[in-house]
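Data block below; observations after.
Numbers restart at 1 for each chain; the letters A, B, ... are given by sequence-line order, proteins then strands. Note that the coordinates shown come from a computational prediction; the quantities given were computed from them, not determined experimentally.
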Amino acid sequence: MKRIKIKELLQSPRIDTEIMVKGWVRTKRGNKNIAFIALNDGSTINNIQIVADLSLFDEALLKDITTGACIAVKGTLVKSQGQGQNVEVVASSIELYGKSDAETFPLQKKGHSMEFLREIAYLRPRTNTFGAVLRMRHALAYAIHKYFNDKGFFYLHTPIITGSDAEGAGEMFHVTTFNLSNVPMDKSGAPDFSQDFFGKPTNLTVSGQMEGELGALALGDIYTFGPTFRAENSNTPRHLAEFWMIEPEMAFYDLSDNMDLAEDFIKYLIRYALENCMDDLEFLNNMIDKGLLDRLRFVVDNEFVRTTYTDAIKILVESGKKWEYPIGWGRDLQAEHERYLVEEHFRKPVILVDYPKEIKAFYMKLNDDGKTVRAMDVLFPGIGEIIGGSQREENYEKLLARIRELKLSENDYWWYLETRKFGTAPHSGFGLGFERLLLFMTGMSNIRDVIPFPRTPKNAEF
RNA sequence: UCCUCAGUAGCUCAGUUGGUUAGAGCGGCGGACUGUUAAUCCGUAGGUCGUAAGUUCGAGCCUUACCUGGGGAGCCA
């Protein structure tokens, strides 16, 4: 007999048919005559109730059916006599695949703290919460590919190992095959990378944007979706050393087109989740964050506010509030400022544009005022900046001038500059941190709990 | 990296001005119960109080250092 997934079983239950389900025991209750087993196979957050008449089964077998054990059950699907579920399986035979010693199995029927579950990351996908989060993570990854594919974007695979310093965006992990206790040195006493695997210093990528731009200037619209790495000693609920990033890059898009895409993209993803992940969203709404569904619907139903950095500064000054960090034109906005704009002043997602060039990256297109660049940050309630992007500087001379102004190495960017020599074009793009998106979409509060195996300073277990 | 709070049973926690033998709930184990829903009821085992040093007649409690974790900040996505 072929196994049926619990999700399918519950979606279109065929009463009085013989079926077989396989999964892991969540709970077992009952008395001397009858046992009720809540079985979950990961296909859905919902369990199927297995009813076992104790007189039909070996006592030793039933004793081994404990929380966490894996079993295969054949039986008849019937309407449930009890409250709490519509259908249940009256078992005719049970096969035990894997025992789960009750004294040492760490998961209980009751809830655990997120901190404890993080220590048993090899088992936490068996919990309702992590099952829901991981199913949503999959659904949104799929929705991202579907969104871009349907719009004619091409998925570009940018390198994980790079020889360039990208935009100087933070500390990088070195990639080397050197024996670290015996590194070859050159005459000046520095490591001699000409003897290393790639013949030069290499790192794990911090962004696929620059390679993405090359793709956009050939294929039109591209996106990347892959792992990125930051070796910064950031110990916060919003940072990972290894995280996944989505970076679309579009030829012929100006900043306004870029904003339109970013807003449409995020709303599409939320709508996709509301239409396809409701079981998991309802669970998360009940158990993790009571405001989750309202907040998701609110974002879908409202236009994002678009305003300039300069106007935002004005609003912050005129608010009359006392700030821990000073406000002033030319200073970057701190978390407290962004939160005020999003959560108190506008009470909506906000897109800020036209930042001072001094506080943004060299590749952003200079505005006519000569002081600001065509940058955009999308700010969300709770998590702050969820998207950062810009129109890119496509003019060779201006780009080169910025690189020199900031005393960056021209050699490092030679290939990036070449694209501005041969058929340059206006283009734009943005980056979205996948786990930050998941924080918003699931209501989880720590980024370590929306990725299966988090990598953070001092933590690379599993 | 900085600030701050915490670390006591498998889990979540309580533990009085420093004082004899460190407690509870849940979970586990044993038992009861004719359909349970985080079942219920009775019983029971389970501890190097994060690590190291110090103060003291005496430390879970006070001091110092370190380790680990939470929250906030910076950097950022």
Among B:rG70, B:rG71, B:rG74, the nucleotide that comes nearest once only the side chain of A:P237 is considered = B:rG71
Of the nucleotides B:rC75, B:rU36, B:rG70, which has the atom closest to the A:Q49 side chain?
-> B:rU36
Is there a Watson-Crick or G-U wobble partner for B:rA45 with both distances under 3.5 Å, and which nucleotide is it?
-> none
Can you tell me how far P of B:rG35 sits from CZ of A:F36, to the nearest Å?
-> 7 Å
A:M114 CE - B:rU12 P separation (whole Å) | 12 Å
Measure distances between side-chain N and O atoms of A:Q85 and base N and O atoms of B:rU36, and say whether any donor-acceptor pair falls under 3.5 Å.
-> yes
Phosphate contact (B:rC33 OP1 or OP2) by A:R29 side-chain N/O below 4.0 Å = no
If you pin A:G388 and A:E324 to their nearest nucleotides in RNA chain B, which one's is more 5'?
-> A:E324
Out of B:rG35, B:rG28, B:rA39, which nucleotide sits closest to the side chain of A:T27?
-> B:rA39
Are OP1 or OP2 of B:rU37 and a side-chain N or O of A:R26 less than 4.0 angstrom apart?
-> no
Expressed in angstrom and rounded to an integer, what is the separation of A:I34 atom CD1 from B:rU34 atom P?
-> 12 Å
Pair A:E435 + A:R448, salt bridge at N-O below 4.0 Å = no
Quick one: do A:D332 and A:K360 make a salt bridge, cutoff under 4.0 Å?
-> no
What about A:S234: does its side chain form a donor-acceptor pair under 3.5 Å with the base of B:rC75?
-> yes
Of the nucleotides B:rG35, B:rU12, B:rG74, which one has an atom closest to the side chain of A:F116?
-> B:rU12
Does any donor-acceptor pair link the side chain of A:H239 with the base of B:rC76 at a separation under 3.5 Å?
-> yes
By nearest nucleotide on RNA chain B, pick out whichever of A:F243 and A:S445 is the more 5' one.
-> A:S445
A:K365 and A:E394 ion-paired at < 4.0 Å | yes
Does the base of B:rU36 carry an N or O that pairs as donor and acceptor with the side chain of A:N31 under 3.5 Å?
-> no
Side chain of A:K32 - closest among B:rU68, B:rC33, B:rG74 | B:rC33
From B:rU36, B:rG35, B:rG69, pick the nucleotide closest to the side chain of A:V51?
-> B:rG35
Once the angle between the rings of A:Y309 and A:Y355 is folded into 0 to 90°, is it parallel (under 30°), tilted (30 to 60°) or perpendicular (over 60°)?
-> tilted
Using the benzene-type ring in the case of Trp, are the ring centres of A:Y413 and A:F362 under 6.0 Å apart?
-> yes
Report yes or no: is there a donor-acceptor pair, N or O only, under 3.5 Å between the side chain of A:Q108 and the base of B:rG10?
-> yes
For the side chain of A:N33, starting at C-beta, report the closest nucleotide among B:rU34, B:rA39, B:rC75.
-> B:rU34
Can you tell me if the side-chain N/O atoms of A:K63 get under 4.0 Å from OP1 or OP2 in B:rC29?
-> no
Less than 6.0 Å separating the ring centroids of A:Y147 and A:F153?
-> no
Quick one: which of B:rG70, B:rC33, B:rG74 gets closest to the side chain of A:N446?
-> B:rG70
Side-chain N,O (A:Q334) to OP1/OP2 (B:rG74) below 4.0 Å = yes
Mind checking the P distance from B:rC57 to B:rC67? Whole angstroms is fine.
-> 32 Å
Charged tip of A:R402 within 45° of A:Y363 ring normal and under 6.0 Å = no
Between B:rG35, B:rG71, B:rU36, spot the one nearest the side chain of A:Q81, thanks.
-> B:rG35
Integer angstrom distance from the C1' of B:rC75 to that of B:rG23 | 45 Å
Among B:rC75, B:rU36, B:rG71, the nucleotide that comes nearest once only the side chain of A:E88 is considered = B:rU36
